[in-house]
Amino acid sequence: MPRFEPKNPDYRAVATDTFARQRAMQTLGISIARMEPGEVDLAMPYAPEFCQQNGFVHAGIITAGLDNACGIAAFTLMPEGSDILTVEFKTNLLAPARGERFVFRGVVVKPGRTLTVCDGRAYAIQDGAETLVATMSGTLMALARRES
């Protein structure tokens, strides 16, 4: 795995702030568990409110976690004054999403000036064992930050 150098020395604080402003992540109980340049792990506890009719966490919830893991991983490598936007992703659902908690791992494959390509993996954790439940390939775009 290549080691990336962040363009913004304050990447950790800026990425954490960007993540914290996403109210959807707060609603889902998703938090940052680990962050390095070009890599992030997000964590989410199981909640029955996020399940589909068979008791598995809904694919939309899993996809939201993966999208954010890829997005924050990409954001850690973007220059100061940047913002981030997902422009494309593809998700493969590999196993039913059932577990005590979930981890969403995002890793930068190829950073670019405007577009960054990332891979994501979602794991369900039950009794200490990780099961890969979904993968994602995503493209994220750096854009100039706008004042809200």
Side-chain angles (χ1 to χ4, degrees), residues 1-52 55-80 82-112 114-143 145:
M1 183 71 169
R3 300 296 293 173
F4 296 110
E5 287 297 319
K7 293 177 181 152
N8 182 351
D10 201 25
Y11 79 91
R12 191 177 301 276
V14 174
T16 300
D17 177 66
T18 294
F19 182 83
R21 289 185 287 120
Q22 296 184 46
R23 294 181 65 178
M25 294 297 99
Q26 294 170 19
T27 298
L28 297 174
I30 296 177
S31 60
I32 297 173
R34 182 184 71 86
M35 183 189 311
E36 299 298 330
E39 301 178 25
V40 72
D41 287 2
L42 304 180
M44 181 185 83
Y46 168 80
E49 296 82 8
F50 303 135
C51 291
Q52 45 83 293
F56 310 132
V57 173
H58 194 282
I61 304 296
I62 297 299
T63 300
L66 282 169
D67 177 39
N68 267 271
C70 289
I72 296 299
F75 192 65
T76 65
L77 300 180
M78 293 183 180
E80 185 176 351
S82 293
D83 210 339
I84 187 152
L85 189 65
T86 300
V87 295
E88 175 275 337
F89 63 70
K90 183 205 185 303
T91 304
N92 287 303
L93 304 168
L94 307 174
R98 60 178 155 220
E100 300 160 350
R101 60 190 180 92
F102 297 83
V103 174
F104 307 100
R105 293 189 177 124
V107 177
V108 170
V109 174
K110 168 85 171 58
T114 304
L115 297 177
T116 297
V117 176
C118 293
D119 280 339
R121 291 179 180 261
Y123 296 89
I125 301 173
Q126 183 73 39
D127 298 324
E130 288 186 353
T131 300
L132 181 63
V133 296
T135 62
M136 175 177 281
S137 176
T139 306
L140 300 108
M141 179 176 78
L143 54 129
R145 178 163 292 153

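A donor-acceptor pair is defined here as one N or O able to donate and one able to accept, closer than 3.5 Å; such a pair exists between the side chain of Q126 and the backbone of E100.
One finds the CD1 atom of I61 at 11.0 Å from the CD atom of Q52 (value rounded to the nearest 0.5 Å). Atom OG1 of T27 is separated from atom CD of E49 by 12.0 Å, given to the nearest 0.5 angstrom. Interatomic distance, F4 CZ to T116 OG1, rounded to the nearest 0.5 Å: 9.0 Å. In this structure, OG1 on T18 lies 13.5 Å from CE on M25, to the nearest 0.5 angstrom. Considering CG of D41 and CZ of R121, their distance stands at 12.5 Å, rounded to 0.5 Å.
Qualifying side chain to side chain donor-acceptor pair (under 3.5 Å) partners for R101, counting only residues two or more places apart in sequence or in other chains: none. Taking D17 as the reference, R21 meet the side-chain contact (heavy atoms from CB on, under 4.5 Å) condition, with sequence neighbours excluded.
Residues R98 and F56 form a side-chain contact, since some pair of their non-hydrogen atoms from C-beta on lies under 4.5 Å apart. Side-chain atoms of M78 and V14, non-hydrogen and from C-beta on, never get closer than 4.5 Å to each other. Contact check for T114 versus M141: side-chain heavy atoms found under the 4.5 Å cut-off. Side chains of I125 and V103 form a contact here, defined as non-hydrogen atoms less than 4.5 Å apart. Using a 4.5 Å cut-off on side-chain heavy atoms (C-beta onward), L143 and S82 make no contact. Counting heavy atoms from C-beta outward, L140 and L115 have side chains that stay 4.5 Å or more apart. The closest side-chain heavy-atom distance from R3 to E39 is below 4.5 Å.
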Take N68 and I30 through the test side chain to side chain contact (heavy atoms under 4.5 Å, CB included) and record every step on the way to the result. CA-CA 10 Å; N68 267 271; I30 296 177; 6.0 Å; no
Can you list the steps and then say if V109 with C118 is a side chain to side chain contact (heavy atoms under 4.5 Å, CB included)? CA-CA 5 Å; V109 174; C118 293; 5.6 Å; no
Start with the C-alpha gap between T76 and R12, add the side-chain angles, then the distance that decides, and say whether side chain to side chain contact (heavy atoms under 4.5 Å, CB included) holds. CA-CA 7 Å; T76 65; R12 191 177 301 276; over 6 Å; no
Please report the C-alpha distance between M35 and Y11 in whole Å, then the side-chain angles of each, then the deciding distance to 0.1 Å, and finally whether the side chain to side chain contact (heavy atoms under 4.5 Å, CB included) criterion is met. CA-CA 10 Å; M35 183 189 311; Y11 79 91; 4.3 Å; yes
All N/O donor-acceptor pairs, side-chain side in residues 85-97, below 3.5 Å, sequence neighbours left out:
from	atom 1	to	atom 2	distance (Å)
T86	OG1	D67	OD1	2.7
E88	OE1	T139	OG1	3.0
K90	NZ	N92	OD1	2.7

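Summarising the geometry of A47 relative to C51, their closest heavy-atom pair is O-SG, 3.9 Å, with the distance given to 0.1 Å. Closest heavy-atom contact between P45 and G29: CD-O, 3.3 Å. Minimum heavy-atom separation, G99 to F102: N-CZ, 3.6 Å. Residues D10 and N8 come closest through the heavy atom pair N-OD1, 2.9 Å. Nearest heavy atoms, L77 versus P111: CD1-CB, 4.0 Å. Residues A122 and L66 approach most closely at N-CD2, 3.6 Å, considering heavy atoms.
Looking at I72, L42, T63 one by one, the single match for side-chain contact (heavy atoms from CB on, under 4.5 Å) with F104 turns out to be L42.
Figure legend: cation-pi geometry between R105 and Y123, with NZ or CZ positioned under 6.0 Å from the six-membered ring centre and within 45° of its axis.
Within a 6.0 Å radius of CD in E80, no more than 12 heavy atoms belonging to other residues, nucleotides or ligands are found.
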